[in-house]
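Read the structure below first, then the notes.
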2 protein chains.
Amino acid sequence: MSESYKEEIRDLTLFANMDEANYRALMRGAYVQNFPPRIDLIHENEPPDFLHVVLSGSVDLFSAWNGRETSMATVRPVSTFILAASVRNLPYLMSARTLEKSRIALIPSQDVRAVFSEDSAFAQAIVAELAQCYRAVVKNTKDLKLRTSLERLANYLLRQQDRTGSLEFDLTMEKRRLASFLGMTPENLSRAFKGLEPYGVKVAQNHIVITDLEDLTRYAKPNPLIDDYSA
Amino acid sequence: MSESYKEEIRDLTLFANMDEANYRALMRGAYVQNFPPRIDLIHENEPPDFLHVVLSGSVDLFSAWNGRETSMATVRPVSTFILAASVRNLPYLMSARTLEKSRIALIPSQDVRAVFSEDSAFAQAIVAELAQCYRAVVKNTKDLKLRTSLERLANYLLRQQDRTGSLEFDLTMEKRRLASFLGMTPENLSRAFKGLEPYGVKVAQNHIVITDLEDLTRYAKPNPLIDDYSA
DNA sequence: AGACCCACTTGATAAATGTCAAGTGATCGA
DNA sequence: TCGATCACTTGACATTTATCAAGTGGGTCT
């Protein structure tokens, strides 16, 4: 791996405070790779050979059962995926594919496990990352079980509004994938967008305009314990 | 806290390998308490004052939004809950109440954070526990998104069958709570039990008899990446 | 420009799930 | 033993969501 990559990765929260020698050891077997869009990176049930770190682009985590498939999460820079599988050395629970052109660092899981048992700062960072991931999935479960699909879409749009800081934004993924992520069919997502029109949501292709933020918020009833992905 | 409790807790995976002095420090502010059934232990959105360890009995984790409530998980001995909130010092995402008479150890979160940054063995144990919790929630999400309610019930029964090692067993919680956990209404749970009769499931009160394990398994299509809560 | 492709949309219909109200049956205390 | 309570069940119905089939409309390639 090139030195410039090594420095870029070094700055990630996960590695920032760890011992230099341990970091070097971790990077020895690691490499960075560029992937085109829609490339399968890993498949569920495989052994966790590498910890993946998304440096740029975005990655879709999804899962299948009995001929059905669902999108579980989108991983954006800069964060890891399949950390839990890596540290426990257990098979992946989800598959991953790039959504767009993406740069991804691959670090041998074996090295992650070896170093994390030696390096206290690294172990702490892993704990923080895992706890964060855990809380994100719990929030997602609450979203799924406590809300209707229309409410889920409304709150999703509010989160995007908050993330971009603008009342106008483009959807960051295909609608079909968004539908799957929100736990509904593409057909119903179309209807759901229509259903939010009365609350001040305008949709044209991938472009969303929120014309009445207050009204939408009143309908969506966002809650930090479900929608605040930073805590 | 009494010495006998301290030894009991010492043997938990989470604490087994940590340094004795650190363990003593952790136990200094800790205590064990007995709770009757149906007692609220914590409420979502509160600051994480204590890490809880279920020593006996069982605890229901649940959450509410906009007047609706859902059961998220059942914690059984010997494991912790709200570990993620404790280590990140962020508000609880879920509430907790005892299902039955339960003995629970409470360890000040502040001490957990202090000790885990000092004690590498403890940090490692926390990582293992968090990773386990994360994977459990991911499995639960897959269950919810990829299966119908009838399939969820069928697989739930198979997991109970596996857990007890017997084709006959009693449900470990009220049906209304089971319904909530499986993401359906009590009324639909009743109908779902009827719907599984053709696949060899007999229900009388809380007692379940599986008369045709093969048939039920063929219908439920259990999958270790969803149903195996030990990995 | 024209033809095609592909995602998305729309409408009709079916299936799954939730709601409401009434009923059943087990349990427990007087 | 009687009655009351409470969880659960049942039936009728409403709502939500999924499915299937037929459009629509960008975008792209030639």
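Atom set for the values below is all heavy atoms of this structure, side chains included, hydrogens, waters and symmetry mates excluded. Convention: sequence-line order gives letters A, B, ...; per-chain numbering from 1.
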Quick check for you: to the nearest 0.5 Å, what is the distance between A:D60 atom CG and A:S180 atom OG?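 Answer rounded to 0.5 Å: 7.5 Å.
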Measure the CG-OG distance between A:N45 and A:S95 for me, rounded to the nearest 0.5 Å.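 It is 9.0 Å, given to the nearest 0.5 Å.
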Test side-chain contact (heavy atoms from CB on, under 4.5 Å) applied to B:I208 and B:D170, B:V203, B:L167, the passing residue: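 Testing each of B:D170, B:V203, B:L167 against B:I208, the sole residue satisfying side-chain contact (heavy atoms from CB on, under 4.5 Å) is B:V203.
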Looking at A:Y199, is A:R218 sitting on its ring face, NZ or CZ under 6.0 Å from the six-membered ring centre and within 45 degrees of the normal? no
Cation-pi check, A:K175 to A:F193: give yes when NZ or CZ is under 6.0 Å from the six-membered ring centre and within 45° of the ring axis, no otherwise.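 Judged by the rule, A:K175 and A:F193 form a cation-pi pair.
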Given atom [atom1] of [X] and atom [atom2] of [N], what is their separation to the nearest angstrom?
{"X": "B:L171", "N": "D:dA7", "atom1": "CG", "atom2": "C1'", "value": "13 Å"}
{"X": "A:R152", "N": "D:dT17", "atom1": "CZ", "atom2": "C1'", "value": "10 Å"}
{"X": "A:R147", "N": "D:dT15", "atom1": "CZ", "atom2": "P", "value": "23 Å"}
{"X": "A:R176", "N": "D:dG26", "atom1": "CZ", "atom2": "P", "value": "19 Å"}
{"X": "B:R177", "N": "D:dA7", "atom1": "CZ", "atom2": "P", "value": "10 Å"}
{"X": "A:E151", "N": "D:dT17", "atom1": "CD", "atom2": "C1'", "value": "14 Å"}
{"X": "A:R68", "N": "D:dA18", "atom1": "CZ", "atom2": "C1'", "value": "11 Å"}

Check the pair B:V53 / B:F81 against side-chain contact (heavy atoms from CB on, under 4.5 Å), numbers first and verdict last. CA-CA 7 Å; B:V53 184; B:F81 57 93; over 6 Å; no
Check: B:Y229 main-chain N/O paired with B:Q132 side-chain donor or acceptor under 3.5 Å: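 At least one qualifying donor-acceptor pair exists.
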Is it true that B:E69 and B:R97 make a salt bridge, defined as a side-chain N closer than 4.0 Å to a carboxylate O? yes
With no hydrogens and no angle check, just 3.5 Å: does a side-chain donor-acceptor pair link [X] and [Y]?
{"X": "B:S109", "Y": "B:D49", "answer": "no"}
{"X": "A:S63", "Y": "B:K142", "answer": "yes"}
{"X": "A:T74", "Y": "A:R177", "answer": "no"}

Using a strict heavy-atom distance below 4.0 Å, which residues from residues 187-201 of chain A are in contact with DNA chain D? A:E187, A:N188, A:R191
With a cut-off of less than 4.0 Å, is there a side-chain N or O of A:T185 near OP1 or OP2 of D:dA18? yes
Under 4.0 Å from any heavy atom of chain A: name the first and the last nucleotide of DNA chain C that qualifies, 5' to 3'.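 Contact span on the strand: C:dA7 to C:dA12.
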Rounded to 10°, the angle between the first-five-pair and last-five-pair axes of the helix from C:dA1-D:dT30 to C:dA30-D:dT1 is 30°
